Amino acid sequence: MNIVTLILNKGDYMPRRNSIFMKFLAIMLAATLIISVVLTLATSSISEKLLLKQITQNASVNMTLVRDELLKYNEQIVNTMIRINNSDAFKQYLTQPTKSTLDQLNIIINLGRYIDTYQDYLSPDQTHFIVAGIGENKDRNYSSNALKWDRVP
């Protein structure tokens, strides 16, 4: 055989449509495609479930932390209110009438001492409070942050 004959007979070496090789190739390609699609869908479903589970766990942990912090903060507020309500220094400052400037100064000094003594209990985290007098002492008030509350709203 010469080169011209090989070139002309090249079509003889091409696989035929009905050959076993072509059938096997078609079956293998179809199986590979089906397996790929099934694995992709399974992986996607598993990933979605895992992600949803992780997000749910994170949200649960965050909600627990927020709840605990709010309960702690609420307890601090209640303790501050109880301390102020039970304080004779605050009661005198807000209700006791004063006849002289010296009486008023003594009441203010007494309140200052009380506040200095119980500062840790009278300052909930990130909170400022105002205690205001009533009746003839309505002009008397105490603000835990005079820069923010220079007068009673």
Side-chain angles (χ1 to χ4, degrees), residues 1-95 108-135 137-153:
M1 281 195 178
N2 61 22
I3 295 182
V4 175
T5 310
L6 281 175
I7 293 174
L8 291 175
N9 292 331
K10 189 176 181 183
D12 292 341
Y13 297 111
M14 301 269 302
R16 295 185 188 112
R17 277 190 184 262
N18 295 330
S19 71
I20 293 176
F21 175 74
M22 289 302 283
K23 289 178 183 175
F24 183 72
L25 182 64
I27 290 172
M28 291 304 290
L29 286 174
T32 303
L33 183 64
I34 290 171
I35 290 172
S36 296
V37 169
V38 168
L39 286 176
T40 301
L41 292 174
T43 304
S44 174
S45 175
I46 291 170
S47 297
E48 183 180 346
K49 288 178 184 176
L50 286 174
L51 183 63
L52 185 61
K53 182 180 177 183
Q54 187 66 38
I55 288 172
T56 304
Q57 286 176 346
N58 288 347
S60 176
V61 167
N62 288 339
M63 291 299 288
T64 301
L65 289 173
V66 168
R67 185 197 68 211
D68 292 345
E69 288 298 315
L70 284 174
L71 288 173
K72 177 183 167 191
Y73 181 69
N74 187 48
E75 184 179 337
Q76 289 175 346
I77 296 291
V78 168
N79 287 337
T80 299
M81 292 172 63
I82 289 171
R83 291 261 182 203
I84 289 172
N85 191 42
N86 292 337
S87 165
D88 288 334
F90 270 103
K91 286 179 186 175
Q92 287 175 356
Y93 176 73
L94 296 173
T95 60
I108 291 171
I109 289 173
N110 190 22
L111 178 64
R113 284 187 193 137
Y114 179 82
I115 292 170
D116 287 342
T117 303
Y118 295 104
Q119 183 66 34
D120 294 338
Y121 302 105
L122 296 174
S123 299
D125 298 335
Q126 304 295 322
T127 303
H128 306 291
F129 62 91
I130 297 173
V131 179
I134 56 173
N137 294 326
K138 66 182 178 185
D139 293 333
R140 290 189 195 172
N141 59 63
Y142 170 78
S143 171
S144 64
N145 183 358
L147 297 175
K148 186 172 177 117
W149 302 104
D150 56 345
R151 57 194 156 109
V152 176

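Treat the numbers as computed from the prediction; the structure is a model and nothing was measured.
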In Å, rounded to the nearest 0.5 Å, how long is the span from [atom1] of [X] to [atom2] of [Y]?
{"X": "I84", "Y": "N79", "atom1": "CD1", "atom2": "CG", "answer": "11.0 Å"}
{"X": "I55", "Y": "N62", "atom1": "CD1", "atom2": "CG", "answer": "11.5 Å"}
{"X": "Y114", "Y": "K91", "atom1": "OH", "atom2": "NZ", "answer": "10.0 Å"}
{"X": "S47", "Y": "L52", "atom1": "OG", "atom2": "CG", "answer": "12.0 Å"}
{"X": "Q76", "Y": "N74", "atom1": "CD", "atom2": "CG", "answer": "9.5 Å"}
{"X": "T56", "Y": "L51", "atom1": "OG1", "atom2": "CG", "answer": "9.0 Å"}

| Okay, side chain of S87, backbone of R83: is any donor-acceptor separation there less than 3.5 Å? |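 It does not hold such a pair.
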
| message | So for atom CD, which belongs to Q57, do other residues, nucleotides or ligands contribute more than 12 heavy atoms lying within a distance under 6.0 Å? | response |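 Enclosed: over 12 neighbouring heavy atoms sit under 6.0 Å from CD of Q57.
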
| side-chain contact (heavy atoms from CB on, under 4.5 Å) partners for R113, two or more places apart |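 In terms of side-chain contact (heavy atoms from CB on, under 4.5 Å), with neighbours along the sequence ignored, R113 is linked to I109.
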
| request: With sequence neighbours excluded, tell me which residues meet side chain to side chain donor-acceptor pair (under 3.5 Å) with N58. | output: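 Applying side chain to side chain donor-acceptor pair (under 3.5 Å) to N58 gives Q54.
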
| query | Does N110 reach the side chain of Y93, with side-chain heavy atoms less than 4.5 Å apart? | reply |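 A side-chain contact under 4.5 Å is absent here.
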
| query | Do K49 and S45 come close enough that some side-chain heavy atom pair is under 4.5 Å? | reply |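 Yes, side chains in contact.
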
| query | Testing L25, L33, T32 for side chain to side chain contact (heavy atoms under 4.5 Å, CB included) with L29, which one passes? | reply |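 Only one option passes, and that is L25.
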
